[in-house]
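What follows is one structure encoded as structure tokens, with my remarks underneath.
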Amino acid sequence: VEAKKLTADTIRNYIADPNREAVELLLVQLAQLCVKKKTPDDAANGSAGQDPGVELDALLGSSAQDQSATARARIFLAKAELARLRRQPAEEEKNIAHIAEDFKPEDLSPALHGRAGDYLLGRQKFDKASLFYQKLMDDYPKSENVDFAYNGLAEIAFQKKDLPAALRYFSEGTDKIAASQKLK
């Protein structure tokens with residue numbers, strides 16, 4: 001219970017700042033804590049049987065009403081992660097769709113650019129996906145999530161049969177950056 005509160009407090013302090021990339025990691029961790037099986041100690045503290053979604057909303061509190069688009073998008077990410085952990089793919093996809101469809105690239109953090117771009121790429125909305133990937137590459141070139149941009153732009157070029165551009169993006173992605181996620 002204390003770990004959840006501490007994590008939620010830290011998230012609330014930084015949720016509106018898109019440059020704080022660790023917030024997404026904390027959101028994933030909080031979703032994991034909320035979905036974790038309840039113990040007898042949890043029952044004694046009054047948290048047994050609480051729906052993980054309700055618990056997540058309660059812990060993040062006013063963040064959902066925060067006027068910051070970054071904060072609202074990150075709440076959708078937390079809900080998507082919770083749905084993934086609960087094996088609810090339709091709910092996970094719905095929350096990622098909100099990020100991709102309802103927010104502008106300038107509102108998002110690097111991790112959210114990658115997730116939104118990948119969602120749109122998967123639906124063959126290449127032009128809109130390119131906006132998220134390009135913003136990620138331009139504004140966050142040192143981000144550990146920038147490989148989403150190289151991979152996504154390469155995939156778009158490949159799908160459009162622009163093989164020289166696809167090769168360039170794949171090559172630059174593996175040569176210029178430490179491809180930590182997508183281009184391994």
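- A donor-acceptor pair under 3.5 Å is absent between the side-chain atoms of S143 and the main chain of Y140, judged by distance alone.
- The residues D57 and K79 are annotated as salt-bridged, a charged nitrogen and a carboxylate oxygen being separated by less than 4.0 angstrom.
- Closest approach of A154 and A166 over heavy atoms only: O-CB, 3.5 Å.
- Separating the CD1 atom in I156 from the NZ atom in K125 is a distance of 13.0 Å, to the nearest 0.5 Å.
- Through direct or relayed side-chain contacts under 4.5 Å between Ile, Leu, Val, Met, Phe, Trp and Tyr, I96 connects to F76, L77, I99, F103, L108, L112, Y119, L120, F132.
- The CE atom of M137 sits 13.0 Å away from the CG atom of N145 when rounded to the nearest 0.5 Å.
- Alongside L163, the hydrophobic cluster contains F158 (criterion: ILVMFWY side chains under 4.5 Å).
- Looking at every heavy atom in both residues, C34 comes nearest to L82 through CB-CD1, 4.3 Å.
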- Query: Going through the checks in order, is the salt bridge (Lys or Arg N to Asp or Glu O under 4.0 Å) test met by D127 and K160?
  - Reply: CA-CA 11 Å; D127 292 341; K160 290 182 172 184; 3.4 Å; yes
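- Shortest non-hydrogen contact noted between A165 and A157 is CB-CB, 3.8 Å.
- When all heavy atoms of E106 and K135 are compared, the pair lying nearest together is CA-CE, 3.7 Å.
- Within the model, atoms CG of L131 and CG of L136 stand 12.5 Å from one another, a figure rounded to the nearest 0.5 Å.
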- When you look at E91 and R84, which way does the salt bridge (Lys or Arg N to Asp or Glu O under 4.0 Å) test go after all the steps? CA-CA 8 Å; E91 187 67 19; R84 185 188 68 77; over 6 Å; no
- What do the steps show when you test L27 against L60 for side-chain contact (heavy atoms from CB on, under 4.5 Å), and what is the final call? CA-CA 10 Å; L27 287 166; L60 294 176; 4.1 Å; yes
- Message: I'd like to know whether F170 forms a side-chain contact (heavy atoms from CB on, under 4.5 Å) with N151, so could you lay out the CA-CA distance, the side-chain angles of the two residues, the decisive distance to 0.1 Å, and finally the verdict.
- Response: CA-CA 6 Å; F170 279 132; N151 184 69; 3.5 Å; yes
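- The pair R74-E24 counts as a salt bridge, with a side-chain nitrogen and a carboxylate oxygen less than 4.0 angstrom apart.
- Between E93 and R123 there is a salt bridge, since a side-chain N of the basic residue sits under 4.0 Å from a carboxylate O of the acidic one.
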- Query: What do the steps show when you test I75 against I15 for side-chain contact (heavy atoms from CB on, under 4.5 Å), and what is the final call?
  - Reply: CA-CA 9 Å; I75 297 293; I15 196 165; 3.9 Å; yes
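- Electrostatic pairing of E92 and R86 does not count as a salt bridge here, judged by no charged N lying under 4.0 Å from a carboxylate O.
- Hydrophobic clustering of Ile, Leu, Val, Met, Phe, Trp and Tyr side chains at less than 4.5 Å, counting indirect connections, unites L153 with F126.
- Looking at every heavy atom in both residues, N19 comes nearest to D17 through N-OD1, 2.9 Å.
- A donor-acceptor contact shorter than 3.5 Å is absent between the side chain of T7 and the backbone of L30.
- Counting heavy-atom neighbours within 6.0 Å of K104 NZ, excluding the residue itself, gives a total of 12 or less.
- Rounded to the nearest 0.5 angstrom, L33 CG and E2 CD are separated by 12.0 Å.
- The line from CD of E172 to OH of Y150 is 5.5 Å long, rounded to the nearest 0.5 Å.
- For the atom pair CD of Q32 and CG of L85, the computed distance is 5.5 Å after rounding to the nearest 0.5 Å.
- Judged by distance alone, with hydrogens and angles left aside, the side-chain atoms of Y133 form a donor-acceptor pair with the main-chain N or O of D118 at under 3.5 Å.
- Ion pair D162/R168 not flagged as a salt bridge, since none of the NZ, NE, NH1 or NH2 atoms sits closer than 4.0 Å to an Asp/Glu carboxylate oxygen.
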- Test side-chain contact (heavy atoms from CB on, under 4.5 Å) on H113 and F148 and set out the steps. CA-CA 8 Å; H113 282 107; F148 278 86; over 6 Å; no
